[in-house]
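Notes for the one structure printed next.
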Protein chains: 2
Amino acid sequence: MGITKTQIFNNRQNELATIFKVLANPARIAILQYISGQKACICNDIVDEIGLAQPTISQHLKELKSIHLIKGAIDGKKVCYCINLEKWKEIQDLLNSFFDKTKFNCC
Amino acid sequence: MGITKTQIFNNRQNELATIFKVLANPARIAILQYISGQKACICNDIVDEIGLAQPTISQHLKELKSIHLIKGAIDGKKVCYCINLEKWKEIQDLLNSFFDKTKFNCC
DNA sequence: ATTTATTATCGTAATATTGCAATATATAAA
DNA sequence: TTTATATATTGCAATATTACGATAATAAAT
């Protein structure tokens, strides 16, 4: 069937899974690390840095944008991609909450 | 082509992506939450709780085991699945390290 | 030994993801 | 206005993931 049965899980579980899914790719990890280390964040630089084709990078950026982890500011014919600090921290808190809430009273 | 180009990324990036991938499914999130809240963690109970077929749960448990997030102790004809506390904390630290190391000197 | 209960594995269908070439769009420069 | 540059979108092929029925494997109970 190939399709995740999201309807049998609650919103929090699906939200966590969606966030983890966006982060579940080394190219997207590398993009986030690269963006965060640069002052000027231009998509074409990312292409040179990561070593994947431009459409592939563009698609990965779209997925990172889908959960608002990055935002892109249009600057002439370039787009300056940046970490969305607010969302970044929100997601870190959400993940920590998940890890902290899990108790270990088993076995 | 459908295959992730792991060879162009470093070990840390691939490791992070692998961990995120294992967590990137609401069934596996639900399984972790359920296991952590129970004293006796038996696969068949998980099947009843989650609402997916037994082979599907068994496969998800295998994936969680693949990064040692849970461990299974054989107890007669049952298997008691438990959170691997050591690895759990190690992964939480690894993810926090990723989130903390990302700087925000862009834009 | 046979039956029952629990979990794992295999095979398969449906869907999702990854990556890229080709192309489209949009803006700046010439 | 043509050309060059930067990014997005489309379409497609290869591979991965999700889920489940059928079946195997294992161990306890009868």
Side-chain angles (χ1 to χ4, degrees), chain A residues 1-9 13-14 17-31 34-35 38 40-67 70-82, chain B residues 1-9 13-14 17-31 34-35 38 40-67 70-82:
Chain A
M1 283 124 194
I3 190 165
T4 304
K5 288 191 166 178
T6 52
Q7 72 279 5
I8 68 172
F9 304 106
Q13 290 163 339
N14 284 315
T18 298
I19 291 167
F20 283 129
K21 197 170 290 184
V22 170
L23 295 169
N25 182 289
R28 291 195 286 274
I29 299 289
I31 287 170
Y34 181 67
I35 288 181
Q38 298 301 113
C41 318
I42 296 135
C43 179
N44 210 253
D45 289 355
I46 301 176
V47 174
D48 295 339
E49 176 68 19
I50 308 290
L52 291 171
Q54 181 269 323
T56 306
I57 296 293
S58 189
Q59 191 183 285
H60 283 309
L61 289 168
K62 195 177 175 183
E63 286 178 73
L64 291 170
K65 265 190 290 184
S66 77
I67 59 164
I70 60 172
K71 43 188 176 181
I74 293 162
D75 172 30
K77 55 184 168 185
K78 297 176 183 177
V79 179
C80 176
Y81 280 106
C82 313
Chain B
M1 283 128 195
I3 190 164
T4 304
K5 287 191 165 180
T6 52
Q7 72 280 4
I8 68 172
F9 304 107
Q13 290 163 339
N14 285 315
T18 298
I19 290 166
F20 283 129
K21 195 169 291 183
V22 169
L23 295 168
N25 181 288
R28 290 195 287 272
I29 298 290
I31 288 170
Y34 181 66
I35 288 182
Q38 298 302 112
C41 317
I42 296 136
C43 179
N44 211 252
D45 289 355
I46 301 176
V47 173
D48 295 339
E49 176 68 19
I50 308 290
L52 291 170
Q54 180 269 323
T56 307
I57 298 293
S58 190
Q59 191 182 284
H60 283 309
L61 289 168
K62 195 177 173 182
E63 286 177 72
L64 291 169
K65 264 189 291 185
S66 76
I67 58 165
I70 60 172
K71 44 187 175 180
I74 294 163
D75 172 30
K77 54 185 168 185
K78 297 176 183 177
V79 178
C80 175
Y81 280 106
C82 311

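If you're wondering where the values come from, they're calculated on a predicted model, not measured in any experiment. In what follows, chains are A, B, ... by sequence order, proteins preceding strands, each numbered from 1. Values below: every heavy atom of this structure, side chains too, minus hydrogens, waters and symmetry copies.
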Identify each atom pair where a protein N or O and an N or O of nucleotides 1-3 of chain D are less than 3.5 Å apart, giving names and distance.
none

(request) Under the side-chain contact (heavy atoms from CB on, under 4.5 Å) rule, collect the residues that match up with A:D75, sequence neighbours excluded. (result) none
(message) Using heavy-atom distances to pick each residue's nearest nucleotide on DNA chain D, tell me which of A:T56 and B:E63 is more 5'.
(response) A:T56
(request) List in chain and number order the residues that pass side chain to side chain donor-acceptor pair (under 3.5 Å) with B:K62, two or more places apart in sequence or in another chain; answer none if no residue qualifies. (result) none
(request) Would you please name every residue forming a side-chain contact (heavy atoms from CB on, under 4.5 Å) with B:A27, sequence neighbours left out? (result) A:F9, B:N25, B:L52, B:H60
(request) Specify the separation, in whole Å, of atom CG of A:N44 and atom P of D:dA4. (result) 16 Å
(request) Send over the distance from A:I57 CD1 to D:dT5 P, rounded to a whole Å. (result) 20 Å
(message) Generate the contact string for nucleotides 24-30 of chain D. Rules: B means base contact, S means sugar-phosphate contact only, - means no protein heavy atom under 4.0 Å.
(response) ---SS--
(request) Calculate the interatomic distance between A:K78 atom NZ and C:dA28 atom C1'; express it in whole Å. (result) 11 Å
(request) Whole angstrom is fine here: how far is it from CG in A:D45 over to P in D:dT5? (result) 15 Å
(request) Look at the side chain of A:S58 and decide which nucleotide, out of D:dT18, D:dT9, D:dA22, has an atom nearest to it. (result) D:dT9
(request) Under the side-chain contact (heavy atoms from CB on, under 4.5 Å) rule, collect the residues that match up with A:S66, sequence neighbours excluded. (result) A:V22
(message) Run the side-chain contact (heavy atoms from CB on, under 4.5 Å) test on A:I31 and A:I70 for me, step by step, so that the C-alpha distance in whole Å, both residues' side-chain angles and the decisive distance to 0.1 Å come before the verdict.
(response) CA-CA 10 Å; A:I31 287 170; A:I70 60 172; 5.5 Å; no
(message) Under 4.0 Å, heavy atoms only, any strand: does B:L52 hit a base, just the sugar-phosphate, or nothing?
(response) sugar-phosphate
(message) In whole Å, I'd like the distance from the CD atom of A:Q7 to the P atom of D:dT18.
(response) 15 Å
(request) Locate the shortest heavy-atom distance separating B:A24 from A:A24; write the atom from each residue and the value. (result) CB-CB, 4.4 Å
(request) Would you jot down, in residue-number order, the residues of residues 17-30 of chain B having a non-hydrogen atom under 4.0 Å from DNA chain D? (result) B:K21, B:N25, B:R28
(request) Just grab all the salt bridge (charged side-chain N to carboxylate O under 4.0 Å, His left out) pairs involving residues 19-30 of chain B, residues at least two apart or on different chains. (result) B:R28-B:E63
(message) Whether B:Y81 contacts C:dT6 is assessed here as follows: a side-chain N or O lying under 4.0 Å from the phosphate OP1 or OP2. Is that the case?
(response) no
(message) Tell me the interatomic distance from B:I46, atom CD1, to C:dA5, atom P, rounded to whole angstroms.
(response) 20 Å
(request) Would you mind telling me which of D:dC20, C:dT7, D:dT18 lies closest to the side-chain atoms of B:V79? (result) C:dT7
(message) B:E49: which residues meet the side-chain contact (heavy atoms from CB on, under 4.5 Å) condition with it, sequence neighbours left out?
(response) B:Y34
(request) Determine yes or no for a side-chain-to-main-chain donor-acceptor pair under 3.5 angstrom, with B:S58 supplying the side chain and B:Q54 the backbone. (result) no
(request) List the atom of A:L23, the atom of B:F20, and the distance in Å for their closest heavy-atom pair. (result) O-CD1, 3.4 Å
(request) Using a cut-off of strictly less than 4.0 Å, decide whether A:K5 has a side-chain nitrogen or oxygen near OP1 or OP2 of D:dC20. (result) yes
(request) Round to a whole Å and report the spacing from CG of A:D48 to C1' of D:dT7. (result) 14 Å
(request) Starting from P on C:dA28, measure out to CD1 on A:I42 and report it in whole angstrom. (result) 14 Å
(request) Report the residue (A:L61 or B:H60) whose heavy-atom-nearest nucleotide on DNA chain D is the more 5′ of the two. (result) A:L61
(message) Base of C:dA8, side chain of B:Q54 - is there a donor-acceptor contact under 3.5 Å?
(response) yes
(message) Using every non-hydrogen atom in the two residues, find where B:Y81 and B:I35 come nearest and quote the distance to one decimal.
(response) O-CG2, 3.5 Å
(request) For B:K77, check side chain to side chain donor-acceptor pair (under 3.5 Å) against everything at least two apart and list the hits. (result) none
